[in-house]
Amino acid sequence: MLHLNSSRSISDPSDPDAQLTANNGEYLVNISLGTPPFPIVAIADTGSDIIWTQCKPCTDCYKQVAPLFDPKSSSSYRTVSCSSNACNSLQSEGSSCSSDGSVCEYQVSYGDQSHTQGDVAAETLTLESKTGNPVALPKTVIGCGHDNAGTFSPKGSGIVGLGGGPASLVSQLGSSIGGKFSYCMVPYAAAKPTSTMNFGTNAVVSGNGVLSTPLISDPSQPTFYFLQLEAVSVGSKKIAFQGSSIGGSGNIIIDSGTTLTLVPTDFFSQLSDAVETQVSGGTKTSDPEGFFSLCYVPDSSLKLPPVTAHFKGADVVLTSDNIFIQVNDKVVCLAFYANDQLSIYGNVAQQNFLIGYDLPKQTLSFKPTDCTNT
């Protein structure tokens with residue numbers, strides 16, 4: 001692991017970073033695994049912890065475009081024992097022992113019913129840096145998935161967990177990044193679909209327009225980054241937000257791995273009604289797939305009301321790209337969805353904001369940004 005020292009500059013080109021690419025509802029991050037480094041493209045997910053990729057041999061895997069990672073081709077790959085600290089750190093990920101008791105295994109299911117299971121291993125994970133020199137992280141705990149299925153895109157080969165639990169990339173980077181990381185997600189339809197995820201000193205969000213709100217942790221759910229959303233304004237109508245009753249004073253999690261913003265049914269009804277009432281021009285239409293409830297034909301006459309998310313201490317003004325999602329060439333729909341379980345601030349609402357996590361200070365910062373320039 002890397003270690004910070006007090007002489008490092010405010011911005012350090014040797015700190016790790018990674019390319020982030022928009023991909024139809026998700027964001028893919030570039031890392032490498034193994035020795036020699038083998039390129040991996042996986043979903044960047046602040047709502048989960050484990051880092052995993054599909055591995056040979058694959059007993060039941062979803063189709064992916066890139067070649068599968070082959071542990072036998074890496075000189076640094078090691079499975080871990082059931083008694084190891086690495087295995088114990090994955091107890092929340094359903095770690096268990098292989099039938100012969102020799103290898104630690106994991107099994108994870110996600111909110112959309114996707115799943116992965118396989119072997120727990122220690123492996124060298126490599127990130128890039130602004131110097132052009134790779135940053136190698138030996139003995140990173142990963143999952144080598146042999147049985148994976150669900151809604152995964154063939155362009156990706158797994159998930160990079162960025163949550164608050166011990167198995168996440170953020171936690172395993174540890175003091176080397178000072179508990180700081182940031183990302184800037186371009187709109188899905190951007191001509192330049194890539195931006196940069198930063199770790200360490202380069203992840204500090206500063207300058208004009210920065211808004212900060214407390215990051216709230218819940219010891220019973222260490223993975224999630226909770227925020228306190230007090231209300232959402234649509235034009236002059238301010239709608240109070242209750243959200244999830246879990247997470248202490250936090251009532252919504254911020255999640256780069258979820259597309260839409262999920263809110264309680266009652267709040268969604270009020271929000272949808274307020275937006276519909278205040279939209280001018282355009283033509284209301286139905287979602288061809290029948291999933292979304294409020295959709296419009298996006299012609300030049302469509303005018304949307306101003307929408308602001310009122311987090312504690314941070315009034316975040318959203319743009320049309322944050323409020324509506326394009327479902328096809330002729331239809332845009334409200335990018336919120338009714339869900340009475342966990343409330344989630346999804347990635348559509350985060351587009352074109354530089355978003356910085358400072359875990360020691362327990363703050364999350366928003367800075368309106370053209371993410372195609374990052």
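No donor-acceptor distance shorter than 3.5 angstrom exists from the side chain of Gln54 to the backbone of Gln64, with no hydrogens or angles considered. Listed for the Thr213 side chain is a donor-acceptor partner under 3.5 Å among the backbone atoms of Lys312. The main-chain N or O of Pro57 is found under 3.5 Å from a side-chain atom of His146 such that the two form a donor-acceptor pair. Thr53 places a side-chain N or O within 3.5 Å of a backbone atom of Ser157 that can act as its donor or acceptor partner. Using a distance-only test at 3.5 Å, with no hydrogens or angles considered, no donor-acceptor pair links the side chain of Lys155 to the main chain of Phe152. Checked by atom type and distance alone, the side chain of Asn251 pairs as donor or acceptor with a backbone atom of Gln242 at under 3.5 Å. With hydrogens and angles disregarded, no donor-acceptor distance shorter than 3.5 Å links the side chain of Asp266 to the backbone of Ser269. Remark: the backbone N or O of Thr372 is paired with a side-chain donor or acceptor of Lys192 at under 3.5 angstrom. Checking side-chain atoms of Gln350 against main-chain N and O of Gly346 turns up a donor-acceptor pair under 3.5 Å. No donor-acceptor pair closer than 3.5 Å links the side chain of Ser171 to the backbone N or O of Ser168.
Residues Phe353 and Pro368 meet the side-chain proximity criterion, which asks for heavy atoms closer than 4.5 Å. Contact annotation: the side chain of Thr140 never approaches that of Glu123 to less than 4.5 Å [non-hydrogen atoms, C-beta and beyond]. Under the 4.5 Å side-chain criterion, counting only non-hydrogen atoms from C-beta, Phe241 is in contact with Pro264. Two residues are said to be in side-chain contact when any heavy atoms from C-beta on lie closer than 4.5 Å; Ile355 and Tyr183 meet this criterion. The side-chain heavy atoms of Val170 and Leu359, taken from C-beta on, include a pair separated by under 4.5 Å. Within the 4.5 Å cutoff, side-chain heavy atoms of Phe199 are placed close to those of Leu169. Considering only heavy atoms from C-beta on, Leu137 stays 4.5 Å or farther from Thr126 through its side chain. Contact of the Leu211 side chain with the Val316 side chain is registered, since non-hydrogen atoms from C-beta on lie closer than 4.5 Å.
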For side-chain contact (heavy atoms from CB on, under 4.5 Å), just list the numbers for Lys237 and Thr277, CA-CA rounded to whole Å, side-chain angles, deciding distance to a tenth of an Å, and then say yes or no.
CA-CA 11 Å; Lys237 184 175 177 60; Thr277 300; over 6 Å; no
Intermediate values then yes/no, side-chain contact (heavy atoms from CB on, under 4.5 Å), Glu276 and Tyr296:
CA-CA 10 Å; Glu276 183 177 2; Tyr296 293 90; 3.7 Å; yes
Might you work through the side chain to side chain donor-acceptor pair (under 3.5 Å) test for Asp340 and Thr265, ending with a clear yes or no?
CA-CA 6 Å; Asp340 290 317; Thr265 301; 2.8 Å; yes
Quick one, Cys58 with Leu68, criterion side-chain contact (heavy atoms from CB on, under 4.5 Å). Give me CA distance, side-chain angles, the key distance, then yes/no.
CA-CA 9 Å; Cys58 239; Leu68 289 169; 4.2 Å; yes
For Phe38 and Asp70, run side-chain contact (heavy atoms from CB on, under 4.5 Å): C-alpha distance rounded to whole Å, both residues' side-chain angles, the deciding distance at 0.1 Å, then the answer.
CA-CA 9 Å; Phe38 182 87; Asp70 186 354; over 6 Å; no
From CA spacing to verdict: side chain to side chain donor-acceptor pair (under 3.5 Å), Thr308, Asp315
CA-CA 6 Å; Thr308 301; Asp315 294 334; over 6 Å; no
Starting from the C-alpha separation in whole Å, work towards a yes-or-no answer on side chain to side chain donor-acceptor pair (under 3.5 Å) for Glu26 and Asn23.
CA-CA 5 Å; Glu26 63 193 16; Asn23 178 50; 2.9 Å; yes
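Under a hydrophobic clustering in which Ile, Leu, Val, Met, Phe, Trp and Tyr are joined whenever their side-chain heavy atoms come within less than 4.5 Å, directly or via other members, Ile50 and Val103 fall into different clusters. Note: the hydrophobic cluster containing Val210 does not contain Tyr357 (ILVMFWY, side chain heavy atoms under 4.5 Å, direct or indirect links). Note on Val205: it does not cluster hydrophobically with Leu215, by side-chain heavy-atom contacts below 4.5 Å among ILVMFWY residues. Linking ILVMFWY residues whenever their side-chain heavy atoms come closer than 4.5 Å, directly or via other members, places Phe291 and Val263 in the same cluster. Leu364 and Leu354 end up in different hydrophobic clusters when Ile, Leu, Val, Met, Phe, Trp and Tyr side chains are linked at under 4.5 Å.
A donor-acceptor pair shorter than 3.5 Å cannot be found between the side chains of Thr196 and Thr374. Between Gln351 and Asn347, the side chains place no donor N or O within less than 3.5 Å of an acceptor N or O (distance only, hydrogens not considered). A side-chain donor from one of Thr116 and Tyr106 sits under 3.5 Å from a side-chain acceptor of the other. Inspection of the Thr79 and Asp119 side chains reveals no N or O donor paired with an N or O acceptor under 3.5 Å. Judged by distance alone, the side chains of Thr223 and Asp49 do bring a donor and an acceptor atom under 3.5 Å apart. At a cut-off of 3.5 Å, with distance as the only test, a side-chain donor of Thr35 or Ser76 sits close to an acceptor on the other residue. A donor atom on one side chain and an acceptor atom on the other are not found under 3.5 Å apart for Asp147 and Thr59. For the residue pair Thr194 and Thr21, no side-chain donor N or O sits within less than 3.5 Å of a side-chain acceptor on the partner. Side-chain N/O atoms of Asn322 and Thr319 include a donor and acceptor closer than 3.5 Å.
Ala167 and Leu90 make their closest contact through CB-CD2, 3.3 Å (heavy atoms, listed as atom of the first residue, atom of the second, distance). Scanning both residues, Leu127 and Pro16, for their nearest heavy atoms gives CD1-CB, 3.6 Å. Taking both residues in full, the closest heavy atoms of Tyr62 and Gly158 are given as OH-N, 3.2 Å, listed atom of the first, atom of the second, then distance. Contact between Asp321 and Pro187 at its shortest, heavy atoms only, is OD2-CG, 4.0 Å. Nearest approach of Phe181 to Leu162, heavy atoms of both residues: CZ-O, 4.0 Å. Minimum interatomic distance between Cys333 and Asp287 (heavy atoms only, all atoms of both residues): SG-CB, 4.2 Å.
In this structure, Thr369 OG1 and Met185 CE are separated by 12.0 Å, a value rounded to the nearest 0.5 Å. To the nearest 0.5 Å, the span separating CZ on Phe226 from CD1 on Ile253 amounts to 6.5 Å. A distance of 9.0 Å separates CG in Asn133 from OG in Ser14, rounded to the nearest 0.5 Å. To the nearest 0.5 Å, atom SG of residue Cys371 and atom CG of residue Leu20 are 9.0 Å apart. Residue Cys184 holds its SG atom at 9.5 Å from OH of Tyr27, rounded to the nearest 0.5 Å. Going from atom CG of Leu173 over to atom NZ of Lys180 covers 13.0 Å, rounded to the nearest 0.5 Å.
Annotation: Phe292 is not in aromatic contact with Phe336 [ring centroid separation under 6.0 Å not met].
Within 6.0 Å of atom CG in Asp299, more than 12 heavy atoms from other residues, nucleotides or ligands are found, so the atom counts as buried in its surroundings.
Pairing of Cys87 with Cys104 by a disulfide is supported, the SG atoms lying closer than 2.5 Å.
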